[in-house]
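Since the structure comes first, as structure tokens, the remarks are kept for the end.
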Amino acid sequence: QVQLVESGGGLVQAGGSLRLSCAVTGSIFSINAMHWYRQAPGKQRELVAGITSGRFTNYADSVKGRFTISRDNAKNTVYLQMNSLKPEDTAVYYCGASIGGSYYWGQGTQVTVSS
């Protein structure tokens, strides 16, 4: 019943910005932590950023100072603001969330950064 619907991916030049959104729909009892992951060709999936229900955040070293994760509890939505994008940020980005004792994944959205 719970689904995570992502949007905001696309093609951008190096140095540009994108904002990813992930809206949670369905029967939601509680939302604990929410995360953004990414997987680039030939690489393992990695955690990019996370945010707790108390809005504590953490980031991968590679994106610190450039990416910002946030959430809007009224909209059940998590965002990833990506600034100063680099070609190495190119990947499929996935959102995930801990909800009611289970973990759910979004469908993934492609982010491509050209040089």
Side-chain angles (χ1 to χ4, degrees):
Q1 292 181 321
V2 175
Q3 295 187 39
L4 279 62
V5 182
E6 298 174 324
S7 62
L11 175 65
V12 66
Q13 292 184 340
S17 298
L18 285 174
R19 187 182 72 167
L20 305 183
S21 299
C22 178
V24 181
T25 63
S27 299
I28 303 171
F29 298 102
S30 65
I31 302 178
N32 190 14
M34 305 183 78
H35 308 96
W36 286 98
Y37 305 80
R38 68 185 182 187
Q39 187 166 22
K43 298 184 65 178
Q44 296 182 342
R45 185 174 298 187
E46 64 175 341
L47 177 65
V48 176
I51 185 168
T52 69
S53 60
R55 290 185 169 84
F56 291 99
T57 60
N58 65 283
Y59 299 91
D61 288 341
S62 59
V63 307
K64 286 181 179 178
R66 299 189 297 120
F67 291 10
T68 303
I69 188 171
S70 62
R71 62 192 290 170
D72 185 335
N73 290 335
K75 297 181 179 179
N76 292 325
T77 300
V78 62
Y79 304 94
L80 185 67
Q81 178 66 46
M82 304 184 294
N83 298 326
S84 301
L85 283 162
K86 305 174 181 179
E88 50 263 46
D89 294 318
T90 296
V92 177
Y93 284 71
Y94 301 87
C95 63
S98 177
I99 303 172
S102 299
Y103 201 83
Y104 299 86
W105 293 90
Q107 78 284 357
T109 184
Q110 177 70 48
V111 172
T112 302
V113 184
S114 64
S115 59

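Quantities reported herein were computed from a predicted structural model and do not represent experimental measurements.
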Exercise for the section: May I ask you to decide if Gly108's main-chain N or O and Glu6's side chain share a donor-acceptor pair within less than 3.5 Å? Expected result: yes
Practice task
Check Val5 against Gln107 and note the closest heavy-atom contact, atom names and distance.
Solution key: CA-OE1, 4.0 Å
Exercise for the section: Would you name the heavy atoms of Ala14 and Ser115 that are closest together and state the gap between them? Expected result: CB-CA, 4.4 Å
Practice task
Following the transitive rule for hydrophobic clusters with a side-chain heavy-atom cut-off under 4.5 Å over Ile, Leu, Val, Met, Phe, Trp and Tyr, establish whether Tyr93 and Ile51 coincide in one cluster.
Solution key: yes
Exercise for the section: Can you label the angle between the Trp105 ring and the Tyr37 ring as parallel, tilted or perpendicular, going by 30° and 60°? Expected result: tilted
Handout entry: Distance in Å, Tyr94 OH paired with Thr109 OG1, rounded so as to fall on 0.5 Å steps
Key = 10.0 Å
Problem - Spacing of OG1 belonging to Thr68 relative to CE belonging to Met82, to within rounding of 0.5 Å - result: 11.0 Å
Handout entry: From CG (Leu80) to CE (Met34), nearest 0.5 Å
Key = 12.0 Å
Exercise for the section: Establish whether Val92 and Val78 are linked, either directly or via other cluster members, by ILVMFWY side-chain heavy-atom contacts under 4.5 Å. Expected result: no
Handout entry: Distance-minimising heavy-atom pair for Ser62 and Arg38
Key = OG-NH2, 3.3 Å
Handout entry: Residues Lys64 and Asp61 bridged, charged N to O under 4.0 Å
Key = yes
Handout entry: Straight-line distance of Cys22 SG to Gln3 CD, nearest 0.5 Å
Key = 11.0 Å
Exercise for the section: Consider only side-chain heavy atoms of I, L, V, M, F, W and Y, link residues closer than 4.5 Å, and tell whether Tyr79 and Leu85 are in one cluster. Expected result: no
Problem - Side chain proximity check, Val111 to Asp89, heavy atoms < 4.5 angstrom - result: no
Exercise for the section: Starting at OG1 of Thr57, measure out to CZ of Phe67 and round the result to the nearest 0.5 Å. Expected result: 14.0 Å
Problem - Donor-acceptor under 3.5 Å (Tyr59 side chain, Ile69 main chain) - result: yes
Problem - Side chains of Asn73 and Ile31 in contact at under 4.5 Å (non-hydrogen atoms) - result: no
Problem - Under 3.5 Å: donor-acceptor pair, side chain of Arg71, backbone of Thr52 - result: yes
Practice task
Determine whether Leu20 and Val24 fall in the same hydrophobic cluster, where Ile, Leu, Val, Met, Phe, Trp and Tyr are linked whenever their side-chain heavy atoms lie under 4.5 Å apart.
Solution key: yes
Problem - Side chain Thr90, main chain Val113, donor-acceptor under 3.5 Å - result: yes
Problem - Pairs flagged by side chain to side chain donor-acceptor pair (under 3.5 Å) wherever residues 11-34 is involved - sequence neighbours left out - result: Ser17-Asn83
